[in-house]
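Atoms within a ligand are numbered from 1 in the order they appear, just like the ligands themselves. Start at 1 with the first residue, then count along the sequence.
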Amino acid sequence: MAIKEIKSKSKKVKKSEGGKVKRVKEEKKVVKEEEEDVSEEEEEEEKEEEEEEEEETAGEKSEEATSEKEIESFEELGVIEPICEACKAMKFKKPTPIQIHSIPVALEGRDVIGLAQTGSGKTAAFAIPILQALWQKPSPLFACVLAPTRELAYQISEQFESLGQVIGLRCAVIVGGMDMMSQSVALGKKPHVIVATPGRLMDHLEHTKGFSLRGLKYLVMDEADRLLDMDFGPIIDKLLQLIPTERRTLLFSATMTSKVEKLQRASLASPVRVAVSTKYETVKTLLQSYLFFPFKHKDTYLVYLVNEMAGQSMIIFARTCNDTERLAILLRSLGFPAIPLHGQMTQSSRLGALNKFKSGARSILVATDVAARGLDIPLVDCVLNYDIPTDSKAYIHRVGRTARAGRAGKSLSLVTQYDLELYLRIEGVLGKKLDEYPIDKEAVMLLSERVGEAQREAINEMKQLHAKQRKRKTDGITHGKKRKHNDDMDREER
Ligand SMILES: Nc1ncnc2c1ncn2[C@@H]1O[C@H](COP(=O)(O)OP(=O)(O)OP(=O)(O)O)[C@@H](O)[C@H]1O
């Protein structure tokens, strides 16, 4: 077993002469691992990052998270009246800490790196200054927001539309899996803001006549650490060559990279780092626990827990598309209203599944990490990690689908003998031990026979499903259909 040493460290940044950049006292957690046999490149990268946390990123300045108590309104942040009215209409009574600290900096025209917990209002923190700048100097193709998943792109555009309605905002969503032609038409109408996944945006920049981002004033990377990582990095590099360098850039996430090379990828110009949380902080209203049992009983434990929480709304995270599909079938065959969401589904099925869950027509969403980041669904009571995520950042984002905007929520992680190292690593970065979920193990085992039958039914149904998919694929190939590379990249995110 790995030996872990967790250090806490206080960091101070001196006040600048103009008093703009204040002292920052930020709790940092540095996780050092010894004797661990982790071979995955991804985890190596994450570990390096954790160690690099100690270094200040070159060229960054930090803005202190101090006096949010004194700020009671968006007006006080310098936000114009029509946008303040829109905030009121959205029931934003007062700005959240990340909004308090990043909106004035962005309104000054500075590049911003914003770090704050999940569900803390980061979308409005970047949308408000962009809308205000647009209102002051309207122009088409003014801002582009990049998001790592298609569902998140739709959600961000909804928030832009709600906040920007009063100023006549035109917004377009450009994501993979949807019709290129109608997107080209939408781009031809010169929207003010484009919310896009990187692969499909690149397709349009390469193939849509008359479309360019040469006049772009603002670029946002939401879930920036994800967009700057090794999967998306190369396409982001390509995109940035087609975007003017004199733009403003805003990076936001609940888990931010501090790696200089990764941030350089975003070509920031003397950015201000606004951090109202540490890199791996979860919200206080989230009750997190775990359950430890042998691997062979995993499905039985899952069914017991789902039954115990019947009526509540939950997201169950699994690692693979196949397991996501299988678990949804298994739960449905036992009478639970479960629906899968993963990257191998068509985009319309993905949106359909999400809408059914959002509307409450299905109370259980079984998803891969495609649903881990950014999705804002107020009614989620519980996040259940059927599989432990292989990277600790994914854990922070997954559990952040509940307990949003000050609400309460709980998360429960299923840990077997094979997950111990990953799980302890997560506890390490969280800097605390989680409580074990109390459960009657004998009562769980009473379900094993019934669950065994449901597992067999699920396997049969999966076989039929795979046969259908194979047929569709062969039909597709004989009809000369071939998906584009860029779309593939937007399709599944981890
Ligand atoms: N000032 C505010 N007052 C009340 N609610 C707010 C405020 N700002 C945003 N919200 C709401 O809080 C919820 C979470 O916001 P948002 O989705 O922007 O979080 P986030 O920080 O981007 O989370 P994540 O890291 O998971 O992407 C949304 O429903 C949003 O409408």
message: Would His397 count as a polar contact of ligand 1, with the cut-off being nitrogen or oxygen pairs under 3.5 Å?
response: no
- prompt: Any idea which part of Phe126 is under 4.0 Å from ligand 1, heavy-atom wise: side chain, backbone, both or neither?
  reply: neither
message: Checking Glu75 now: which residues fulfil salt bridge (charged side-chain N to carboxylate O under 4.0 Å, His left out) with it, not counting sequence neighbours?
response: Lys88
task: Answer with yes or no whether the side chains of Lys410 and Gln312 bring together a donor and an acceptor at under 3.5 Å.
output: yes
- prompt: Between Lys393 and Asp229, does at least one N-O distance fall below 4.0 Å, as a salt bridge requires?
  reply: no
message: Among all protein heavy atoms in this structure, tell me which lies nearest to atom 11 (C) of ligand 1, with the distance rounded to 0.1 Å.
response: Phe92 CE2, 3.9 Å
message: As a check for students: among Leu375, Ile396, Asp376, identify the option with a heavy atom nearest to atom 14 (C) of ligand 1.
response: Asp376
- prompt: Judging by distance only, is a nitrogen or oxygen of Lys122 under 3.5 angstrom from one on ligand 1?
  reply: yes
task: Record the part of Met90 in heavy-atom contact with ligand 1 below 4.0 Å; permitted values are side chain, backbone, both and neither.
output: neither
task: Could you tell me whether some N/O pair between Arg404 and ligand 1 is separated by less than 3.5 angstrom?
output: yes
query: So is there a nitrogen or oxygen of Glu223 less than 3.5 Å from a nitrogen or oxygen in ligand 1?
result: yes
message: Looking only at the side chains, is there a donor atom on one of Ser120 and Gln117 sitting less than 3.5 Å from an acceptor on the other?
response: no
- prompt: With distance as the sole criterion, is a donor-acceptor pair present between the side chains of Asp381 and Ser313 under 3.5 Å?
  reply: no
query: With Tyr290, which of Tyr423, Tyr395, Tyr301, Tyr437 fulfils ring-ring contact (aromatic ring centres under 6.0 Å, His included)?
result: Tyr423
task: For ligand 1, note which part of Gln117 has a heavy atom under 4.0 Å away: side chain, backbone, both or neither.
output: backbone
